[in-house]
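Before any comments, here is the structure.
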Amino acid sequence: MEAAERAEVSTETFLGWIATQEGRFELVDGQIVEMMAGAKQGHNVVVANIVMSVGPQAKSGGCRTTASDTAVQTGANTIRYPDIVVDCGPPDPDATIAENPKLVVEVSSPGTSLVDTTDKLDEYQRHPAIRLILFVEPTLLSVKLYRRSEQGRWEAEKYENLDAVIDMPEIGAVLALRDIYDTITPRPRPRLQVIDTADGSTPR
């Protein structure tokens, strides 16, 4: 016997329900999904560092920077909670969903990288307001930014050097990798080893 299909949950019902919950949840295609809790210290430090760096800069342009609890609606019945959101919509203390999210940040945790860089990336890129999507590895020196051009094309930028600085005029901010990884020591990203065979033979 086939299992009965679960009824879809509307965004309105989900937002009312999650306000009473202690855990972390997202709504994906009308289904409530529990998110992993208990992030490691490196994850939390990176989130705090980015908020402290970007927040004051984005504020000067009328944008608000929040961590974890700002909802971004990426589909008719899909609600995500990025690690960081820079919302440049009109201020509304009663808002439950970011009206004009310009930047979303996902800091990877064990088990989340695949979803972050596949499903969530696709959803964020379809959102009409989002201009910047930032993925950060807290244990590796690895930051990837997806930027929407004026023509609507998405372009990827990789940053793997502590001296690098990410320019984000879309929100009036710059973000140095040294600030992202302040007080933690990420490992360098592993490099591919190119094998040079002097005689032209194929390695076995």
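Note: hydrogens, waters and symmetry copies are ignored here, and every other heavy atom, side chains too, is used.
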So [Y] and [X], do their side chains get closer than 4.5 Å, heavy atoms only?
X: E137; Y: P186; answer: no
X: K144; Y: E157; answer: no
X: Q57; Y: I171; answer: no
X: K120; Y: V104; answer: no
X: Q125; Y: I130; answer: no
X: L132; Y: K102; answer: no

To the nearest 0.5 Å, what is the distance between [atom1] ([X]) and [atom2] ([Y])?
X: T65; Y: K59; atom1: OG1; atom2: NZ; answer: 10.0 Å
X: Q41; Y: T183; atom1: CD; atom2: OG1; answer: 7.5 Å
X: L141; Y: I184; atom1: CG; atom2: CD1; answer: 10.0 Å
X: T11; Y: N77; atom1: OG1; atom2: CG; answer: 6.0 Å
X: L103; Y: L134; atom1: CG; atom2: CG; answer: 6.5 Å
X: N100; Y: C63; atom1: CG; atom2: SG; answer: 7.5 Å

Single-linkage hydrophobic cluster [X]~[Y], side-chain heavy atoms < 4.5 angstrom:
X: Y81; Y: I32; answer: yes
X: I133; Y: I79; answer: no
X: V85; Y: I18; answer: no
X: V72; Y: F14; answer: no
X: M52; Y: V45; answer: no

Heavy atoms from other residues, nucleotides or ligands near CD of Q151 exceed 12 (cutoff 6.0 Å):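 Enclosed: over 12 neighbouring heavy atoms sit under 6.0 Å from CD of Q151.
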Do any N or O atoms from the side chain of [X] and from the backbone of [Y] form a donor-acceptor pair under 3.5 angstrom?
X: R131; Y: A129; value: no
X: T78; Y: D29; value: yes
X: Y181; Y: L140; value: yes
X: H43; Y: P138; value: no
X: D87; Y: A98; value: no
X: N49; Y: I180; value: yes
X: D179; Y: S53; value: no

By ring-ring contact (aromatic ring centres under 6.0 Å, His included) - contacts of W17 (at least two apart):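 Once residues adjacent in sequence are excluded, the partners of W17 under the ring-ring contact (aromatic ring centres under 6.0 Å, His included) criterion are F25.
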So which atom in [X] and which in [Y] form the shortest heavy-atom distance, rounded to 0.1 Å?
X: R24; Y: S68; value: NH2-O, 4.4 Å
X: C88; Y: R64; value: C-NH2, 4.2 Å
X: Y146; Y: W154; value: O-CZ3, 3.4 Å

In terms of side-chain geometry, is the basic nitrogen of E26 or R80 positioned less than 4.0 Å from the acidic oxygen of its partner?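 Here E26 pairs with R80 in a salt bridge, since their nearest N and O are under 4.0 Å apart.
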Looking at R148 and E170, is any side-chain nitrogen of the basic one under 4.0 Å from a carboxylate oxygen of the acidic one?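 The answer is no: the pair does not qualify as a salt bridge.
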